[in-house]
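Below is one structure, written out as structure tokens; the observations come after it.
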Amino acid sequence: MERRLTTILAADVVGYSRLMAADEMNTLASLKAIRTKIMEPKTGEYHGRVVKLMGDGTLMEFASVVDSVNFAVDVQRAIAKCNAEVPEDRRIEFRMGINIGDVLVEGEDIYGDGVNVAARLEGLAEPGGIRISGTVYEHTHNKLEIEFEDLGEQEVKNIAEPLRVYRIQIGKARHSGGVSARPKPPRIEQARGSIAVFPFDSLSPDPDDAYLADGIATEIINMLSRIPDLRVASRSAIFASRDHGEDVWNLVRKLQFRYVLTGNVRRAGDRLRVIAELTEAAAQTQLWSNTYERQLADLFTVQEEIAEAIVVAFGGEYLRAEWQRASQRPTDSLDAWGLVQKARSQNLPINRGAADDALRLAHEAVEIDPAYAGAHACLASVLMQRVLNGFSEKPDEDRATALAAVERAAELSPKDPTVLRTLGNVHSNCGRHEKAIAALRRAVDIAPFDFHSWGRLGRTLAYGGDEKELSEGHAILDRVLAAAPNHPMVPYWLYFKANACAREERYEDAVRFARKSLDVQPGYAGAWVALANALGQLGQKEEARQAMTRALRANPAMTPEHLVEQIRVTAGGDEERATKSLAGLKAAGLL
């Protein structure tokens, strides 16, 4: 049988036999109504799966522990609300227990101690209550605005070791955000470990082999980023430092990472030699190193072995279990993989020529391996960059192709945070706000320390949501700016803040954030546009024209007409909102 680590929720109706004996028909009707009107919709909302129904009992599985707790709290609150007008002796009330554990999988069913512990926790709960294991508590208490009560270790039937049990106090929230307030970007000190994976040096005589060295580092970053409690420096942060010639140790100190992985790659025909070294940053002492002499065809195995060795070096059975659960080889085609690495490197400079090259490479990768999720996601990302930067001759067609490509990527790899981030970004820029939010929430749930995805979520909430979502978007952007002040996405996050402030008609703040963005990245066309728009709203027409001139100098395709069309699509075809979003450019005579 297959084994996997998962989150299990067990639920049972309190006093079901008594209720059935008293009024069988109404009890069955009430239970059915709760399942169809409350539990089923929320199962979809929180990405759960009903494993089986057992009369009055329910066994469920969640890929995300945060989603499982939010589901339980929301369901219990909704049932309590329904019961408010029902006599106490006729109420349908559930007990719930949640555990993270290893399970055996047979078909659609799951078995094992992980399931047994969830059932025992459910039995400890009071009517309408929720009990969780210590492991669930570890993964949620800093992410949700919920009060937890530590009930200590408890002996339960048929479980050898005592269980650490916590009670969720459903009626109490730590802050005004509500009992099941959305998770926030974590603080960096909450990570179990942190690592910066630097681009490997290419020692091959052929300069075209550089993609191998960059690709190895990129894939190791992607593998490690799927471990929820591990903070991994983003590819863009590390590769940008390499391109600017920044010293490794200065960057590590600035970004507050504890460990550094470095290495080099030499290719000679079909032979490959990879050396990897893990170093403790503060003392610059080597913890682990290894040399891999393999055939080029064994490259993926080498990447997996390096990533697993890092996890082992960090220690902890939980991290090992998470690695086993998250580890997934992206493709068996070295050619397709190499094309994607080359396309990613071409897509970094934002210019038409590089975008054309990246598009060609991504198409080739998809043709070679149609089952490679990374190739489809890369194709979608390149297409959206072309559209957003005004390089596309057929923007509507490219949007449709990007959407189809990224949805295929998500089908092939539904738990890959990079794929989910791309899915959210494409949905957002195609006017599919709700789907974008759902994809980005899944991305940050799987990889909580992926501040790039958090920033995209903040932007999407702030741009397309109602007042509540706009407020959450601001809070997320403020949190990532504080948590990762040296991240390469900082100029973009500041730009997102500028546009969010403009949406609230806080134009002085919009000017301030746009200028901060330009202080970090003076050639950022989008920030010049945001500055021009805010200045126009403040009546500073000449300064607005100068800012728009700088935007067009940075990217000649960034015309006001292109911007209006892009905002119109993002807003789901809302012409009024598109025009209003750029009213400052119109006021300055630029539109």
List the steps, then state whether side chain to side chain contact (heavy atoms under 4.5 Å, CB included) holds for Leu261 with Phe200. CA-CA 9 Å; Leu261 180 74; Phe200 282 26; 4.1 Å; yes
Verify, without hydrogens or angle tests, whether Thr401 (side chain) and Glu397 (backbone) share a donor-acceptor contact under 3.5 angstrom. yes
With Arg432, which residues qualify under side chain to side chain contact (heavy atoms under 4.5 Å, CB included), at least two apart? Leu403, Glu407, His427, Lys435
Would you please test Glu508 and Arg512 for salt bridge (Lys or Arg N to Asp or Glu O under 4.0 Å) and show each step? CA-CA 6 Å; Glu508 291 86 355; Arg512 178 166 57 87; over 6 Å; no
Would you say Leu470 and Leu461 make side-chain contact, with heavy atoms under 4.5 Å? no
So, taking the atom named CH2 in Trp454 and the one named CG in Leu440, what distance separates them when rounded to the nearest 0.5 Å? 10.5 Å
Begin with the C-alpha distance, continue with both residues' side-chain angles, and end with the deciding distance and a verdict on side chain to side chain contact (heavy atoms under 4.5 Å, CB included) for Tyr495 and Asn499. CA-CA 6 Å; Tyr495 163 68; Asn499 285 335; 3.2 Å; yes
Taking Asn425's backbone N and O only, do any of them form a donor-acceptor pair with Asn429's side chain (distance below 3.5 Å, no angle check)? yes
To check you understand the geometry: which heavy-atom pair defines the closest contact between Pro185 and Phe451, and what is its length? CB-CE2, 4.4 Å
Are the side chains of Phe496 and Arg456 in contact, using a 4.5 Å heavy-atom criterion? yes
Might you work through the side chain to side chain donor-acceptor pair (under 3.5 Å) test for Asp74 and Tyr46, ending with a clear yes or no? CA-CA 10 Å; Asp74 274 5; Tyr46 291 106; 2.4 Å; yes
Given 3.5 Å as the limit, does a donor-acceptor pair link the side chain of Ser471 with the main chain of Glu467, or not? no
Under the ring-ring contact (aromatic ring centres under 6.0 Å, His included) rule, what do Tyr524 and Tyr492 come out as? Steps first, then yes or no, please. CA-CA 9 Å; Tyr524 182 15; Tyr492 301 93; 4.7 Å; yes
Separation between CG (Leu379) and CD (Glu364), nearest 0.5 Å, reads 12.0 Å
Assess the residue pair Tyr259 and Leu278 against the criterion (side chain to side chain contact (heavy atoms under 4.5 Å, CB included)); give the C-alpha distance rounded to whole Å, side-chain angles, the decisive distance to 0.1 Å, and a yes or no. CA-CA 7 Å; Tyr259 302 99; Leu278 183 68; 4.1 Å; yes
In Å and rounded to the nearest 0.5 Å, what is the CH2 to CG distance from Trp493 to Leu481? 6.5 Å
To check you understand the geometry: which heavy-atom pair defines the closest contact between Asp369 and Ala336, and what is its length? CB-CB, 3.9 Å
Exam field: side chain Ser392 to backbone Val387, donor-acceptor pair closer than 3.5 Å: no
When you measure from the side chain of Arg231 to the backbone N and O of Phe449, does any donor-acceptor pair fall under 3.5 Å? no
Report yes if the side chains of Val480 and His487 come closer than 4.5 Å at any heavy-atom pair, otherwise no. no
Presence of salt bridge, Arg441 and Glu472, under 4.0 angstrom: yes
Please examine the side chains of Met558 and His562, heavy atoms only from C-beta on, and report whether any two atoms are closer than 4.5 Å. yes
Are the charged groups of Lys342 and Asp357 less than 4.0 angstrom apart, N to O? no
Cation-pi check for Phe71 against Lys42: NZ or CZ below 6.0 Å from the six-membered ring centre and within 45 degrees of the axis, yes or no? no
When every non-hydrogen atom of Thr422 is compared with those of Ala377, the smallest separation belongs to CG2-O, 3.7 Å
For the student: nearest non-hydrogen atoms of His376 and Pro370, plus distance: NE2-O, 2.7 Å
Contact check, side chains of Ile195 and Arg258, non-hydrogen atoms, under 4.5 Å: no
To the nearest 0.5 Å, what is the distance between CG on Leu457 and CG on Leu477? 8.5 Å
Please answer whether the main-chain N or O of Val66 pairs with a side-chain N or O of Ser64 as donor and acceptor at a distance below 3.5 Å. yes
Flag for Arg459-Ser428: side-chain donor and acceptor within less than 3.5 Å: yes
Tell me whether Arg386 contacts the main-chain N or O of Asp398 through its side chain, where contact means a donor paired with an acceptor under 3.5 Å. no
Check whether any side-chain N or O of Asp416 sits under 3.5 Å from a backbone N or O of Ala410 as a donor-acceptor pair, and report yes or no. no
When you measure from the side chain of Asn389 to the backbone N and O of Ala557, does any donor-acceptor pair fall under 3.5 Å? no
Rounded to the nearest 0.5 Å, the CG atom of Leu535 sits from the CE atom of Met548 at a distance of 12.5 Å
Sequence neighbours left out, what passes side chain to side chain contact (heavy atoms under 4.5 Å, CB included) with Asn264? Give chain and number order. Asp201, Leu203, Ile275
Are Asp519 and Lys516 close enough, and set up right, to give a salt bridge (Lys or Arg N to Asp or Glu O under 4.0 Å), and what steps lead you there? CA-CA 5 Å; Asp519 287 342; Lys516 281 187 175 184; over 6 Å; no
Given the rule in the side chain to side chain contact (heavy atoms under 4.5 Å, CB included) test, do Val265 and Ser202 qualify, once you have shown the distances and angles that lead to the verdict? CA-CA 5 Å; Val265 183; Ser202 177; 5.6 Å; no
Do Leu144 and Asn70 have side chains that get closer than 4.5 Å, going by heavy atoms? yes
Taking NZ, NE, NH1 and NH2 as the nitrogens, is one of them in Asp509 or Lys497 under 4.0 Å from a carboxylate oxygen of the other? no
Between Ala510 and Ala502, the two heavy atoms sitting closest are CB-N, 4.0 Å
Is it the case that atom CD in Glu393 sees more than 12 heavy atoms from other parts of the structure closer than 6.0 Å? no
Atom NZ in Lys394, atom CG in Leu383: separation rounded to 0.5 Å? 13.0 Å
Please confirm whether the backbone N or O of Asp214 pairs with a side-chain atom of Thr218, one donor and one acceptor, at under 3.5 Å? yes
Tightest non-hydrogen contact, residues Phe198 and Ala217, listed as O-CB, 3.7 Å
